[in-house]
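Every number for a ligand or one of its atoms is a count from 1 in the order of the listing.
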Amino acid sequence: MKSMLFRVPVMVLFLGVLFFQAWSPVDAEEMTCPTHTSVTIDIKPGSDPNSIQLASHGVVPVAVLTTPGFDASQFTPEVAHLNDATTAMIAGCTGAMAVRWARDDVNGDGWPDLVFFFDTQNLDLTSSSTAASLMAHGSYGSTILHITGTDTVKIRP
Ligand SMILES: [Ca+2]
Ligand SMILES: [Ca+2]
C-alpha cells in the first residue's frame with residue numbers, strides 16, 4: 001500500500017514533465033516576441049506631444065517611418081499591437097490590435113511610411129503611461145520580420 005501511494009505521485013510527476021516538455025516550446029513561442037528589429041515610430045504623426053484621451057471613441061494613428069535602415073514600404077504587416085512601453089517589455093506581444101493600416105508619407109520626406117490605426121477604446125494605456133510601444137509582425141521582402149518601436153504619450157483624462 002505504501003509503495004502504491006508513492007508510485008502515483010511519481011507517475012503524475014513523470015507525466016507532468018513529459019507534458020511540460022512537449023508543450024513548453026509552443027508556449028514559449030506564444031508568450032515571448034521573436035527577435036525584433038528596432039524601427040522609428042511616430043505616434044500621432046504631426047502632433048507633439050502625443051496626447052491621447054482615453055475616453056475618446058476615435059482612433060490613434062501610429063506611423064512606422066521609413067529611415068535609411070528600414071524601408072516601411074517593403075513591410076507587409078500581418079498583425080500589430082500597441083501597448084504601454086513598460087508592459088510591452090514584460091508581457092511581450094500584447095495590447096491593442098491595430099484595426100487597419102495604410103501607406104502614407106506622414107512626414108513629407110518623399111518616402112512612404114506605414115501607418116497603423118488603433119481604437120482608443122482598445123488601448124491598455126493608463127493615466128500613468130508615458131510611452132507606448134508598437135510591435136508588428138509581417139514580411140519584409142522575402143523574410144519574416146518582427147519590428148518594434150517606442151514613442152512618448154501624454155495621457156489626458
Ligand atoms: Ca507625434
Ligand atoms: Ca516618410
Side-chain angles (χ1 to χ4, degrees), residues 16 19-157:
F19 183 81
F20 180 77
Q21 283 182 341
W23 288 102
S24 57
V26 179
D27 284 348
E29 211 170 272
E30 285 177 354
M31 294 305 289
T32 59
C33 293
T35 310
H36 62 254
T37 299
S38 290
V39 295
T40 305
I41 69 164
D42 183 1
I43 295 174
K44 294 184 75 174
S47 294
D48 190 26
N50 306 315
S51 298
I52 295 176
Q53 197 166 12
L54 294 178
S56 157
H57 287 269
V59 291
V60 174
V62 179
V64 175
L65 302 178
T66 291
T67 60
F70 183 78
D71 183 355
S73 71
Q74 297 300 307
F75 185 73
T76 304
E78 279 176 23
V79 66
H81 288 102
L82 187 71
N83 208 342
D84 184 283
T86 52
T87 312
M89 299 300 261
I90 302 162
C93 303
T94 60
M97 277 183 77
V99 288
R100 63 177 194 273
W101 59 274
R103 298 195 196 283
D104 189 15
D105 180 14
V106 296
N107 57 358
D109 64 358
W111 299 96
D113 310 298
L114 187 57
V115 192
F116 294 96
F117 296 88
F118 298 88
D119 268 338
T120 309
Q121 290 298 304
N122 291 344
L123 297 177
D124 287 344
L125 303 178
T126 66
S127 56
S128 55
S129 297
T130 55
S133 292
L134 172 92
M135 294 148 285
H137 182 78
S139 55
Y140 188 69
S142 57
T143 56
I144 299 296
L145 201 64
H146 181 81
I147 59 171
T148 186
T150 300
D151 196 9
T152 57
V153 289
K154 191 159 181 67
I155 304 298
R156 300 225 180 266

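No donor-acceptor contact under 3.5 angstrom links the side chains of T67 and T40, judged on distance only.
Ring geometry for Y140 against F75 counts as tilted: the plane angle lies between 30° and 60°, on a 0 to 90° scale.
Around the Ca ion (ligand 1), the angle linking N50 (OD1) with S47 (O) is 70°, rounded to 10 degrees. The angle subtended at the Ca ion (ligand 2) by OD1 of D105 and OD1 of N107 is 80°, given to the nearest 10°.
Not one N/O/S atom of A72, from backbone or side chain, sits under 3.0 Å from the Ca ion (ligand 2). Using a cut-off of 3.0 Å, one finds that K44 contributes an N/O/S atom close to the Ca ion (ligand 1). Taking backbone and side chain together, G46 holds no N, O or S atom under 3.0 Å from the Ca ion (ligand 1). Using a cut-off of 3.0 Å, one finds that D42 contributes an N/O/S atom close to the Ca ion (ligand 1). With a cut-off of 3.0 Å, the Ca ion (ligand 2) has no N, O or S atom of T66 in range.
In this structure, the side chains of L134 and T148 stay at 4.5 Å or more apart for every pair of heavy atoms.
Of all the N, O or S atoms in D113, the one closest to the Ca ion (ligand 2) is OD2. Within D109, the N/O/S atom positioned nearest the Ca ion (ligand 2) carries the name OD1.
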>> Could you walk me through whether D104 and D113 satisfy the side chain to side chain contact (heavy atoms under 4.5 Å, CB included) test, starting with their C-alpha distance in whole Å, then the side-chain angles of each, then the deciding distance to 0.1 Å, before giving a yes or no?
In response: CA-CA 5 Å; D104 189 15; D113 310 298; over 6 Å; no
> Please walk me through it: do D84 and S129 pass side-chain hydrogen bond (donor to acceptor under 3.5 Å, both in side chains)?
Replying inline: CA-CA 6 Å; D84 184 283; S129 297; 2.6 Å; yes
>> Assess the residue pair D42 and N107 against the criterion (side-chain hydrogen bond (donor to acceptor under 3.5 Å, both in side chains)); give the C-alpha distance rounded to whole Å, side-chain angles, the decisive distance to 0.1 Å, and a yes or no.
In response: CA-CA 9 Å; D42 183 1; N107 57 358; over 6 Å; no
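A side chain to side chain donor-acceptor pair (under 3.5 Å) with T94 holds for exactly one of T87, N83, D124; it is N83.
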